[in-house]
Protein chains: 2
Amino acid sequence: MRSATPSDDLTARARIRDAAVARFGRDGFAVSLRTIAQDAGVSAPLVLHHFGSKDRLRAECDAHVLATIASHKADAVGPAGADHLLVELAQVETYAPLVAYVLRSIQHGGELARTFYEAFVADAEDYLRAGVAAGTVRPSRDEAARARFLTQQALGGLLVSLTLEPVDDPAQLGARLRAHMDAVTLPALELYTDGLMTDRRMLDAYLVYVTDPPAGTPAADPRPTS
Amino acid sequence: MRSATPSDDLTARARIRDAAVARFGRDGFAVSLRTIAQDAGVSAPLVLHHFGSKDRLRAECDAHVLATIASHKADAVGPAGADHLLVELAQVETYAPLVAYVLRSIQHGGELARTFYEAFVADAEDYLRAGVAAGTVRPSRDEAARARFLTQQALGGLLVSLTLEPVDDPAQLGARLRAHMDAVTLPALELYTDGLMTDRRMLDAYLVYVTDPPAGTPAADPRPTS
DNA sequence: CAGAACACTAACCGAGTGTTCAGCCCGTGC
DNA sequence: GCACGGGCTGAACACTCGGTTAGTGTTCTG
């Protein structure tokens, strides 16, 4: 579809899409079409005229954000995965709205959220595998679970921080994320380097527990009558 | 306020409040008063008659959930803090809606969310302090930051997991949270026991970086021309 | 210049929202 | 018997929402 001239993408349609991305990222997906239209400097029906419905506008925003960030992912290959990419990207003023949109999307759930999340998990798995191969990262008993765990926690921590102390001005999102990283780096590096426990008792206990669970269903089913 | 007879709290008013907590937890705070009223088996105006406005109903739900969970917190003093309390509580069928409400609240932000979060952070700080004193937990260079970091990540991970794969039936929330803990326990214990890195290079590099930052703005400025 | 195609808007629609109001039902006190 | 008052409801209000329609200019094409 959309076989029109390339200049088509530089006109009001793109303006509306960008305004929608910015508004969605700022205020969530419950914002009205009229607000978006006003931001773009057009009338509300024109939004529908171009995108058909609010859902399709949302879908187009998803695709746009996904494509834009994916195209800039190769460049920003840093030492840490997952959230670090978003933080780096949010520093660049232009991409801050896109990052806000992604975070809003993950907070809200839905298809794009899962897509991004799975991509982050895959990235983390690659990084960890490379680290293990290089000898800088300890191997895990379940590499996939560890990659998922780490990205889930990193992304979730970011989200909690941002939800509890929301950033009003999207221009300050970059600084805000940087502050989050600053607050998190020391505890994270401590934990990643030395761990938390002084001995292996809890881990060992869990390992024998999980390989040889105490007879019957563990704790989920209070009455294992079957 | 509410100096009425104690039986007042067992009637429709309480029924509406409970229905509201359940619905808010299930579908978020955007649900209509009519839906809540229907759940409670009353008319929509009666909800207003009892609570004045939707906001005040929300506030009353907040207070109720906060009081109920706080009163049961002393009992469920477990080994891990923060999210573990919620998981334990969600196992009990009666409290599952309350837990859903809390998580929904943290996802949404607002006052109650901050209240709960800060309480969790304080709890984690206590646990960690006790662990350090008992010699089972390594001391940190910044205990407050570590407590905040750990609860933020644990809570955020829970939230991300639940948002990306939402649970439809509130009765399954307990099982769902238990599954999350199962998926997370092994990587977490591995990380807490052995850490992630094989050497101290990154931590040491960060420590000298943070105590003696390279002149000028550190990393935010891509062109340290100075 | 005619005419089609396009970008765009004012006015409107039906649905759903929180909220208000007049009044019903029913137990209680005179 | 009857007024009364509180729990409660149906109808309706004012408002906003996403979406539709009909019609305006503008612009490009032949």
Side-chain angles (χ1 to χ4, degrees), chain A residues 1-64 101 104-105 108 110-112, chain B residues 1-62 64 101 104-105 108 110-111:
Chain A
M1 64 182 74
R2 193 140 38 92
S3 58
T5 64
S7 71
D8 178 35
D9 211 40
L10 304 172
T11 55
R13 184 190 168 93
R15 241 177 42 238
I16 294 174
R17 169 176 37 69
D18 290 347
V21 167
R23 263 298 165 185
F24 280 147
R26 247 180 67 94
D27 301 340
F29 298 105
V31 288
S32 72
L33 286 180
R34 286 167 175 81
T35 305
I36 296 173
Q38 191 171 343
D39 286 353
V42 301
S43 70
L46 187 64
V47 180
L48 282 312
H49 170 72
H50 278 299
F51 296 92
S53 75
K54 189 182 184 180
D55 283 344
R56 285 220 287 278
L57 169 63
R58 165 89 193 276
E60 202 121 345
C61 289
D62 280 13
H64 174 67
Y101 186 94
R104 197 57 89 165
S105 172
H108 184 85
E111 206 44 55
L112 178 70
Chain B
M1 66 180 73
R2 195 138 39 91
S3 59
T5 65
S7 71
D8 179 35
D9 210 40
L10 303 172
T11 55
R13 186 192 166 93
R15 243 176 40 238
I16 294 174
R17 169 175 39 67
D18 290 347
V21 168
R23 263 297 166 185
F24 280 146
R26 245 180 68 93
D27 301 339
F29 298 105
V31 288
S32 72
L33 283 182
R34 285 171 176 81
T35 305
I36 295 173
Q38 191 172 343
D39 287 353
V42 300
S43 70
L46 186 64
V47 179
L48 283 312
H49 171 72
H50 278 299
F51 296 92
S53 76
K54 189 182 183 180
D55 282 344
R56 284 219 290 276
L57 169 63
R58 165 88 192 276
E60 201 119 345
C61 288
D62 280 13
H64 173 67
Y101 186 96
R104 198 57 91 164
S105 173
H108 184 85
E111 206 45 53

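Chain A is the first sequence line, chain B the second, and so forth, proteins listed ahead of strands; every chain is numbered from 1.
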Partner set under salt bridge (charged side-chain N to carboxylate O under 4.0 Å, His left out) for A:R26, not counting sequence neighbours: none
Check the distance between D:dT9's P and B:L46's CG and give it to me in whole angstrom. 5 Å
Atom NE2 of B:H49 and atom P of C:dG23: how far apart are they, to the nearest Å? 18 Å
Return the value, rounded to whole Å, for the distance between atom CD1 of B:I36 and atom C1' of C:dG18. 12 Å
Partners passing salt bridge (charged side-chain N to carboxylate O under 4.0 Å, His left out) against A:D18 (at least two apart in sequence or in another chain): none
Using 30° and 60° as the class limits, which term best fits the ring planes of B:F24 and B:F29: parallel, tilted or perpendicular? tilted
Check whether any side-chain heavy atom of B:R15 sits under 4.5 Å from a side-chain heavy atom of B:V42, and report yes or no. yes
Name all pairs fulfilling the salt bridge (Lys or Arg N to Asp or Glu O under 4.0 Å) condition that reach into residues 37-56 of chain A, sequence neighbours left out, sorted by first residue then second. A:R23-A:D39
Counting primed atoms, P, OP1 and OP2 as sugar-phosphate and everything else as base, the B/S/- map of nucleotides 16-22 of chain D against protein heavy atoms under 4.0 Å is -SBBB--
To the nearest 10°, let me know how far the axis at one end of the helix from C:dC1-D:dG30 to C:dC30-D:dG1 is tilted from the axis at the other, five pairs an end. 20°
Taking only residues two or more places apart in sequence or in another chain, which ones pass salt bridge (charged side-chain N to carboxylate O under 4.0 Å, His left out) with B:R58? B:D62
Between A:L57 and A:L33, is there a side-chain heavy-atom distance shorter than 4.5 Å? yes
Do A:E60 and A:R13 have side chains that approach each other closer than 4.5 Å (heavy atoms only, starting at C-beta)? yes
Phosphate contact (D:dC8 OP1 or OP2) by B:H50 side-chain N/O below 4.0 Å: yes
Atom CZ of A:R13 to atom C1' of C:dC8: distance rounded to whole Å? 15 Å
